[in-house]
Amino acid sequence: MQLDFSTLQPAECYKVLASLITPRPIAWITTVNQEGAVNVAPFSFFNCFGSNPPIVAFAPGNKEPGIPKDTARNIRNNREFVVNIADETLADKMVATSASVPHGESELAITGLTAAKSVSVMAPRIAEAPVSFECREWATLEIGSNRMVVGTVHHAHIRDGILDPDTLHLQTEIFLPVGRMAAPDWYCRTSNQYEIKRPE
């Protein structure tokens, strides 16, 4: 089977890319609007792209043509956000925060999640999340109708036991994030990991 992307509609391109480029990590983004309301939303077009400086990027789309999602609007206004990572115990609540709610209404209240104060940005982190990265926008790139937010990471909150405090090595049996699989409703667990040693 071969596909010429120039012949596909955007929704068809999304279906192919989102189904085959998997598993993807999920950025569970918290932002704050100008009135101080907290917005929470998951994005699986996300990854880290460097360590010097530490950078992450994710792609918040539009609510409808020409109208950015609240996450993108909030970042445009204050240039700050927090990337939270959901584990298996939080997967249902993470997905629940993808629901459309009225502008200014917080998904935290709907899901029973707790906002915790950040150190370097105004946006709070999700207290229940095992990992949270406080970020500042470095740039937002717009390519066609795509929007990609690139942020620098300034502070991390990591649940005790996930990283060895001396080596910073991951304790793989403790940190079990969920990953995104095929659109629209498929996810994966990371509890069945295995190791392949790299060549010397």
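Every heavy atom of this structure was used, including side-chain atoms; hydrogens, water molecules and symmetry mates were not.
The environment of CG in N62 is crowded: more than 12 heavy-atom neighbours from other residues, nucleotides or ligands sit within 6.0 Å. Environment of CD in Q34: sparse, with no more than 12 heavy atoms of neighbouring residues, nucleotides or ligands closer than 6.0 Å. Residue N52 places its CG atom among 12 or fewer non-hydrogen atoms of other residues, nucleotides or ligands, all under 6.0 Å distant. Within a 6.0 Å sphere centred on CG of D160, heavy atoms belonging to other residues, nucleotides or ligands number 12 at most. Atom CZ of R159 sits in a crowded spot, with more than 12 heavy atoms from other residues, nucleotides or ligands closer than 6.0 Å.
If you chain together hydrophobic residues whose side chains sit under 4.5 Å apart, V32 and F58 never meet in one group. There is a path of hydrophobic side-chain contacts, each under 4.5 Å, that joins I85 to I29. A continuous path of Ile, Leu, Val, Met, Phe, Trp and Tyr side chains, each step under 4.5 Å between heavy atoms, connects F133 with L163, placing both in one hydrophobic cluster. A continuous path of hydrophobic side-chain contacts links M148 to W138 [ILVMFWY only; heavy atoms under 4.5 Å].
Side-chain contact between V82 and P124 is absent, with no heavy-atom pair separated by less than 4.5 Å. Using a 4.5 Å cut-off on side-chain heavy atoms (C-beta onward), M94 and N84 make no contact. Contact of the R24 side chain with the I26 side chain is not registered, since no non-hydrogen atoms from C-beta on lie closer than 4.5 Å.
In terms of heavy atoms, E107 sits closest to V38 at OE1-O, 4.0 Å. In terms of heavy atoms, G61 sits closest to R147 at O-NH1, 3.4 Å. Shown here for A27 and V83, the closest heavy-atom pair between the two residues is CB-CG1, 3.9 Å.
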